Structures are given as structure tokens and as C-alpha cells.
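As the structure is a prediction and not an experimental result, all values here were calculated from the model.
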Amino acid sequence: MDPAIQRALNDKLYDKRKVGALELERVIREVVAAKDDARVEAILDQLCNEFAYAIHQPHARNGGLIGLAAAAIALGSELARYLEVIVPPVLACFTDQDARVRYYACEAMYNIAKVAKGEILIYFNHIFDALCKLGADSELSVKNGAELLDRLIKDIVSESAATYVSVLEQPPPYQEDDKEGGSDESVELPTAFSLKKFIPLLKDRIFAINPFTRTFLVGWIILLDSIPDLELVTFLPEFLGGLLRFLSDPNRDVHVATQGCLDKFLNEIKRIARIKKGIAESKRSKGEGKRKREDSVESGSVRPQLEEGDEIDSETAADEEDLESEDDWVPGQDVQINHKAILEILTATLDSPLEEDGLLESLRWIVEFLDICPEEVLPFTPKILAHLLPAMASGVEPIRQAAGRVNTSLMDYVVSLSDDAELATTQSLSRMSGPPVPVPLTERQDGTTSARASLSSSRELEIRSPTPAQGRNTARAPTPALATAPQAQADLDYAAAVNSLTLLFLNDHEATRVAALTWLIMLHRKAPRKVLAFNDGTFPALLKTLSDPAEAVVTKDLQLLSQISRNSEDDYFTNFMVNLLQLFSTDRKLLETRGNLIIRQLCTSLSAERIYRTLADCIEKEEDVEFASIMVQNLNNNLITAPELAELRKRLRNLETKDGQTFFVALFRSWCYNAVATFSLCLLAQAYEQAYNLLQIFAELEMTVNILIQIDKLVQLLESPVFTYLRLQLLEPEKYPHLYKCLYGLLMLLPQSSAFAALKNRLNSVSSIGYLHIAPRPNATTPSVPSFDRPSRLKGREDGIIRWGELLEKFRSTQERARRLQRVGADLEDPTLGVGVLRISNGDGAGDNKPLPREPTAGPTRAGAAKEGTSANNANAKPDPPPKVRSGLGRQLGRFGGAVAGRGKRNP
């Protein structure tokens with residue numbers, strides 16, 4: 001350069017530097033026209049080294065920048081060869097400490113880019129990185145200059161980024177004659193702008209915090225996405241996580257721009273999915289049409305040959321048209337979107353502590369993905385549930401609604417997926433069973449109903465076979481194709497899903513706990529074997545959930561436990577009942593507040609008789625006498641009052657069947673822990689003579705306040721609709737003589753209370769009938785009464801399973817054991833005494849199958865018990881022989897008492 005130009009460029013005044021730049025531009029034009037490349041390179045080197053890189057000389061740097069811009073303008077079309085010399089010094093000035101140097105760097109790059117146009121895209125990453133920093137510059141002038149340069153670069157990118165190839169990448173002139181080679185090389189030539197090289201830079205900058213930088217990044221993302229050939233959506237997983245963070249920015253402009261950007265990406269994904277689905281459906285329909293035409297050609301083979309030839313020509317023409325239509329390219333059909341990577345980011349976003357907008361957007365995307373690619377969402381179900389269900393209890397209404405939509409859509413898809421898997425297995429089994437075609441058709445029509453019906457009938461029988469694992473092996477053993485068909489469709493990790501849902505039992509919100517149990521119920525209903533394989537860890541959690549303060553949670557928990565028990569083996573059900581009793585024993589508050597609810601819900605979902613039989617067997621072995629009495633009292637109250645147990649009460653009233661007898665015996669043996677409950681059980685079963693015999697043992701018991709309260713409640717229950725049949729039986733005293741004795745016995749046990757008055761009024765209303773029918777009976781022989789009455793009610797049962805004498809001794813020994821434990825406390829010898837009484841009574845009364853010899857055995861058994869007891873017990877054992885006389889006289893005294901009561905009422 002001339003010394004005059006150098007002095008002008010180094011001047012502190014802008015106008016003089018501008019004059020020097022114009023003079024330099026004229027000189028370079030002349031040199032370029034003379035094709036003196038060496039001098040051009042020398043001038044550029046001087047501008048770079050002596051001016052642009054002069055670090056501590058701001059005026060020289062400013063002059064160097066304006067000189068490089070003038071040189072770029074002068075070079076014109078030859079600029080591409082010298083960009084690698086001109087651009088780096090300008091980029092270095094972007095980071096200068098002097099704001100004026102940064103501004104002039106923006107101005108110089110603007111002029112260079114305006115001349116270079118598409119060639120500048122080679123340095124796009126460097127320019128983008130510099131603009132990303134300058135957009136947040138503290139100096140307003142620098143920020144404005146960066147904004148102008150940003151607009152120019154955006155224009156160049158939108159015009160040339162997708163197709164522009166640098167001049168330096170063009171092939172030599174001598175290869176242009178070879179058209180084929182030239183065309184091949186032109187296809188392989190790289191473009192000046194590389195999206196793959198840009199994405200790492202964007203991924204690094206996407207975590208910026210400055211709102212101006214975020215706005216700058218969102219603007220560029222929107223621009224690049226608007227260029228069809230770039231297909232930025234394929235790289236969406238690289239920066240989606242950082243983009244979602246922008247939604248929590250307090251700057252409203254950033255939020256609005258980010259929301260619009262995400263909406264565009266989501267709409268583009270949905271559009272591409274629709275295009276691919278439409279292409280797949282069209283191909284499928286064309287394939288079906290082609291097969292139909294082939295079938296029609298085969299069916300028309302009987303026609304003349306000319307017609308066949310004509311048909312073949314028409315078919316080939318149609319096929320050619322189809323091929324041509326298939327070759328038509330639709331924008332978006334080749335775009336590959338990594339749905340799995342996007343879902344990983346969305347599920348990770350659910351886990352991160354974001355603001356409401358970020359969580360809401362993630363939920364919205366998951367809902368849309370369930371419509372776009374539900375099969376891709378399925379593997380993420382456990383992780384989604386872990387964060388989705390707590391969001392359903394959010395205090396923000398939009399989040400709660402969005403979480404509800406995701407939950408509904410996801411559950412519907414899992415339900416439909418399971419139905420399809422079951423349908424596939426039923427169809428494959430039907431093909432294995434036989435060749436007829438109607439079998440799979442009927443199964444296909446009734447697939448959904450049979451799948452639901454099998455929960456209570458066929459599946460119960462199927463799963464109760466040895467173990468779930470064995471059933472699974474036997475089902476898959478015949479053919480390997482049966483195992484591969486469902487596995488290809490069902491990708492849900494049941495183990496992880498169950499674990500995620502079980503952890504949600506600890507959530508503070510009731511809605512979340514209910515939703516978790518609802519999911520477990522659905523999963524077990526659709527795949528009981530898979531859920532049962534992991535039930536060991538969830539079973540304690542399900543039992544503990546019974547203590548939940550929310551009644552809706554307890555109801556769902558009981559529904560799930562009932563469903564698992566119904567579809568499992570008897571051992572599992574027994575274990576469930578044992579653990580339930582242990583829970584009641586340790587948590588008495590739960591028994592008081594939720595005991596009735598739990599028992600009734602279980603009886604609604606499961607077999608009530610099965611529950612009562614199992615609980616009775618467990619209670620009979622219970623060592624805690626006090627808890628056994630309380631538990632029997634609760635079970636008995638539900639047995640009498642619960643509407644869910646109406647069929648069970650009818651079954652107890654019919655003791656002629658063998659099942660009814662075994663059921664009554666099972667209940668009686670465990671009911672012995674509670675005297676009043678045992679008495680009410682006999683009334684419910686219409687075993688009035690046995691109830692009367694129990695009343696005779698009541699005289700030996702200590703009448704505590706608790707027993708009197710229970711009797712008071714029993715009298716109130718006798719006035720309920722459940723015992724309507726008993727009150728009507730009072731009208732038939734000859735047929736039910738012991739019923740009067742039972743009720744009068746209760747009357748004698750009660751103190752003068754409201755229950756006493758109610759029972760007395762009830763008996764007085766029918767006492768005249770009792771007198772009319774029973775008063776003449778004393779004229780008959782005394783032995784005829786027990787010989788007639790006992791066979792009519794009990795003798796037939798003695799021939800069956802019920803051994804009434806043994807049951808009485810069981811009751812007496814159990815009550816005696818309870819009395820001793822109450823007196824002595826935790827003495828270990830008292831339970832052995834009770835067992836000894838049982839053994840003696842069983843040994844002595846083993847052959848007592850007839851009713852009359854039964855009562856003499858009561859004396860020896862009680863005497864045997866007295867020998868093991870104290871001398872005081874011996875004194876009580878001496879009057880044991882009289883029960884034989886008392887039982888005979890007791891009947892007549894009872895009738896006589898009834899007659900006297902009737903006269904007493906008539907005399908007033």
C-alpha cells in the first residue's frame with residue numbers, strides 16, 4: 001500500500017479512514033484487473049498483520065477493518081479465493097475490549113458478507129458464535145450492528161443454505177466435458193452450509209441464560225426449520241431439552257417465541273406422521289387391489305384367450321400406473337424422526353424441577369405422541385407414570401387437566417394393546433386346535449367380551465392350575481410361534497411399571513394413590529401372570545395401604561387384592577387372609593374404623609363363603625383370645641347385617657345340605673371365642689335347641705358389661721328384617737319349642753333396660769299362642785317331648801357332619817380358657833388346660849352320634865376338666881350329672897313358664 005493510504009487508515013478520524021479505504025478500493029480494482037495476484041495477497045497480508053491484528057492500537061484496528069471491507073468490495077467475484085485471509089481478522093475483532101472495534105467489525109463483516117453471499121456460509125459457525133455473544137452485548141451500538149449483520153446472514157441462509165456449493169468445491173474445467181462424471185460429482189459435492197456441523201454448536205449454546213441470547217437462538221431455530229431441504233426436525237433431540245427450559249424464562253418475549261417454535265416442530269412431526277401413514281395405507285390398498293385383480297384373472301381363465309389377453313394388457317397398464325404413482329415424491333415422506341430420543345427428553349423433563357409451562361408442554365407432547373407413535377411411548381410407560389400421576393394432583397388446573405388427558409390416553413392404549421395380544425393368542429390357539437374357519441371368526445367377534453368374562457370364570461380356572469409359571473410354560477410349550485406373537489406387540493415392562501406404581505402409594509395426594517391403584521388393577525386384569533410374577537414386593541405395600549385415611553384408596557386397594565386373590569391359588573388367598581388378620585391384630589384402630597368396610601368389600605369382590613371359611617380357620621388357631629373375640633364379633637355383625645352377605649345367610653338357614661353343615665361347623669368352632677356371637681349364629685342357622693344349650697352354659701359364665709352390651713345389640717337385631725323368619729316362627733310353638741326358651745333365656749340374662757322391654761313386649765304379643773298350643777302338652781308323657789323334638793331338628797343332622805355335643809364342649813372349653821386367661825393374665829399353662837379339655841371332650845364324645853347319649857358325656861368331660869383344674873373347679877363339677885334331668889325338665893318348665901306368662905297377660 002502507498003504510505004498515504006497507510007496514514008489515512010491509521011488516522012483517528014473516521015472520515016479520513018474512509019477516504020483511505022476508498023483509495024485502497026481503487027488500487028485493488030486496478031491490481032485485480034491486471035491479474036496481479038501476488039500484490040493483492042501482499043496488500044491483504046499488510047492489512048491483517050499491521051492493522052487488523054494491532055491489538056493495542058484501536059485506530060489501526062479500525063482502519064484495518066474498513067480496509068478489509070474495501071478490499072472485499074474491490075475483489076468482487078474473486079473474493080471467494082481470499083476469504084480465508086479476510087474473514088479471520090474480522091472475527092478476531094468481535095471479541096475486542098473496545099466497543100467501537102466490535103461495532104466496526106460488525107460493519108466490516110456486513111460488507112464482506114454482502115459481496116460474498118453464499119461463500120460466507122463456509123464460516124457460518126464462526127459468525128453465528130460471534131453473533132450469539134454480540135446479541136447480549138452491553139453496548140447498544142454494538143447490539144444494533146450485530147442485529148443488522150444477523151438479518152443479512154439470515155437472508156443468505158434462507159436463500160442459499162440448502163443448495164449452495166462453494167466455488168472452491170467446483171470440479172476443474174477439463175472434467176465438465178464428461179457429463180456423467182460431472183453429474184455424479186455434482187451430486188456428491190458438499191454444500192457451503194453444513195447442518196451436521198452446526199448442530200453441536202447449537203447444542204452447546206442452547207443452555208444460555210441471557211434472554212437476548214435465547215431470543216437470538218429461537219429465531220435461528222425457527223428460520224432453519226422453515227427451510228424444507230435442511231430437515232432440522234431430524235436433529236430435534238439434540239436441542240429440545242434446552243429449548244423446553246426457555247419456557248421458564250421470566251422474559252415474556254422468550255416464552256412466546258419458544259412456544260411458537262415448539263408448536264411448529266410438533267405440527268411438523270404430526271404432518272410427517274400423517275404423510276407416512278397415508279403412504280402406507282395407499283400401498284396396502286393397492287396391494288389388496290392387485291391381489292383382487294389377480295384373483296379375478298384366475299377366475300376368468302375359462303374365458304376365451306383374446307379376452308384373457310385384453311385383461312392382462314389392462315392389468316399391466318394399471319400396474320404401470322401404480323408404479324408411477326408410487327414414484328411420486330411427497331415432501332416429508334423421507335424425513336426420519338427419532339421419536340425414542342424425543343420421548344427420553346420429555347420423560348426427563350417430567351422429572352426435572354421445571355416451571356408450570358415446561359411441564360405442561362411436555363405433557364402436551366406426550367399426548368400427541370400417543371396419537372402419532374404409541375408403540376414408541378409404551379417402553380417409557382413406567383417412567384411416565386412415576387411423574388404423571390403426581391401431576392394429576394397438582395394445584396394448577398391446566399397441569400391437572402393435561403396429566404388427566406395423558407393418563408387416559410396411555411391407559412386406553414395399554415388396554416387396547418392387551419386386548420390385541422389376547423386376541424392373537426386366542427386365534428393362534430384356535431388354529432392349533434383345528435382347521436375349521438368359523439372358530440377364529442367367532443373368537444374375533446367375541447374377543448373383548450370373552451377377555452373380560454374370563455376374569456371371573458375361565459381365567460380363574462386357568463390360573464389356579466399349579467402355579468402361574470407352570471401355566472405359562474404349558475401354554476407356550478406346543479409351538480414357539482405362540483410365544484413370539486404377543487412379545488412382538490407388547491413391550492411394556494410390567495416389573496418396572498408395578499414398582500413405579502407401588503412407590504406412589506407413599507404420595508401425599510389421594511388422587512395420585514387412587515390413580516396408581518387403578519393402573520395396577522388394569523395391569524393385573526390384562527396380564528395377571530406378568531403382574532403376579534412380581535407381587536411379592538407389592539403385597540406388603542397393598543396390605544399397608546388398607547390403613548390409608550382415604551376411603552377411596554382403601555376401596556381400590558381391596559378391589560386389587562380381591563382381583564389378585566381371585567386369579568391366584570388357594571395358598572395365596574390363605575396367606576392374604578392370615579396377613580389381614582395380623583394387620584387387624586396389630587392395628588386395632590384400623591379394625592374399628594375400617595374393619596367392616598374391608599370385610600364387606602372383600603365379600604363383594606370374592607366368594608363370601610370362602611372368606612368366612614378361611615378367616616374362621618385362622619381365628620380358631622388364634623392365641624390372642626381377646627382379639628379373636630373382637631374379630632368374631634365384627635364378622636358376626638357383618639354376617640347378620642351386611643346386604644352383601646344375604647346369600648350366605650340363606651345358606652346358613654339351610655343345614656340339610658352337607659356344604660351347609662360343614663360351613664356351620666367351621667363358623668361355630670371359631671365363633672366360640674365370643675359367646676353372644678355363637679348364640680346368634682345358632683339363631684341364624686335355626687339351631688334353636690343348640691342355642692338353648694348354649695344359654696345353659698351362659699349361666700356358668702361371668703356376665704360382664706361387654707357381654708350384656710352384645711346381648712342388648714342382639715335383641716335390637718332380632719327386631720330387624722334379617723330375623724323376620726324367626727319372629728314368624730314364634731307363631732308355631734309346637735314346631736319350634738326351643739325358640740321360646742332361647743328368647744326367654746335372653747330375657748332372663750338382660751337387666752331391666754330398653755332391650756329387656758322390647759324383647760318382653762315381643763314375647764308377650766305371642767304368649768297366648770304359646771299357651772294355647774303348649775299348655776295341653778304336659779298331659780302327654782314326659783319322654784315323648786325330647787324324643788319328638790330332637791329328631792325333628794337335630795337328629796337328622798347328627799347323622800351327618802354336625803356333632804352337637806362336641807360343639808358344645810368346644811364352646812365350653814373355649815370360654816373356660818378365655819375366663820382363665822382373663823384372670824391369670826399371660827400364664828402359659830392356661831392354654832394347655834384349654835387344649836386338655838378339648839382332647840378329653842373329643843375322646844369321650846367321639847362315638848356320640850345320637851342325640852340322647854350326648855348329654856351324659858358332658859358330665860365326664862367336665863369332670864375330666866375338673867381333675868386338671870383346682871379344687872374349686874371340682875366343686876363346680878359335682879352338679880354335672882343333673883344336666884340330664886335338667887334338659888328333660890327344662891323343656892316342661894319352659895312350656896309351663898310360657899303358659900303362666902300368657903295367663904298373667906290375660907288376667908289384667
Donor-acceptor pair, distance only, cut-off 3.5 Å: does the side chain of [X] make one with the backbone of [Y]?
X	Y	answer
Arg727	Leu718	yes
Ser585	Gln582	no
Ser629	Val625	no
Asn579	Asn575	yes
Arg594	Asp548	yes
Asp587	Leu583	no
Ser680	Ala677	yes
Tyr692	Gly745	no
Tyr612	Ala666	no
Arg649	Ala642	yes

What are the two closest heavy atoms between [X] and [Y], and how far apart are they?
X	Y	answer
Phe723	Ile640	CE1-CG2, 3.7 Å
Phe663	Leu652	CD2-CD2, 3.7 Å
Thr502	Ala541	CG2-CB, 3.7 Å
Thr545	Val554	O-CG2, 4.1 Å
Arg651	Glu609	NE-OE1, 2.8 Å
Ile611	Phe573	CG1-CZ, 3.8 Å

Strictly below 4.0 Å, N to O, side chains only: are [X] and [Y] in salt-bridge contact?
X	Y	value
Arg588	Asp624	yes
Glu510	Arg513	no
Glu816	Arg812	no

If you define the side chain from C-beta out and look only at heavy atoms, does anything of [X] sit under 4.5 Å from [Y]?
X	Y	result
Asn637	Gln633	yes
Ile598	Leu590	yes
Ser753	Asp712	yes
Gln559	Gln601	no
Leu759	Tyr744	no
Tyr572	Ser565	yes
Phe668	Gln690	yes
Leu708	Pro751	yes

Report the distance from atom [atom1] of [X] to atom [atom2] of [Y], rounding to the nearest 0.5 Å.
X	Y	atom1	atom2	answer
Thr814	Asn674	OG1	CG	11.5 Å
Arg762	Leu743	CZ	CG	10.0 Å
Leu714	Phe679	CG	CZ	6.5 Å
Ser670	Lys810	OG	NZ	9.0 Å
Gln563	Leu606	CD	CG	10.0 Å
Ser813	Leu808	OG	CG	10.5 Å

side-chain contact (heavy atoms from CB on, under 4.5 Å) evaluation trace for Phe505 with Leu542 | CA-CA 9 Å; Phe505 292 167; Leu542 292 175; 3.7 Å; yes
Going by distance alone, is a donor N or O of one side chain under 3.5 Å from an acceptor N or O of the other, for [X] and [Y]?
X	Y	answer
Asn638	Asn634	no
Tyr673	Gln815	no
Ser607	Arg613	no
Asn693	Glu689	no

More than 12 heavy atoms of other groups within 6.0 Å of Glu719 CD = yes
Could you go through the side-chain contact (heavy atoms from CB on, under 4.5 Å) check for Val715 and Leu747 one step at a time?
-> CA-CA 9 Å; Val715 171; Leu747 196 64; over 6 Å; no
Can the ring centroids of Phe664 and Trp804 be said to lie less than 6.0 angstrom from one another?
->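 Centroid distance Phe664-Trp804: below 6.0 Å, so yes.
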Should Phe576 and Thr614 be marked as a side-chain contact (heavy atoms from CB on, under 4.5 Å) after you check the CA-CA gap, both sets of side-chain angles, and the distance that decides it?
-> CA-CA 10 Å; Phe576 170 42; Thr614 308; over 6 Å; no
Step by step, would you call Ile599 with Cys603 a side-chain contact (heavy atoms from CB on, under 4.5 Å)?
-> CA-CA 6 Å; Ile599 293 171; Cys603 291; 4.2 Å; yes
For Gln729 and Tyr688, what are the C-alpha separation, side-chain angles and deciding distance, and is it a side-chain hydrogen bond (donor to acceptor under 3.5 Å, both in side chains)?
-> CA-CA 11 Å; Gln729 289 172 354; Tyr688 301 131; 2.3 Å; yes
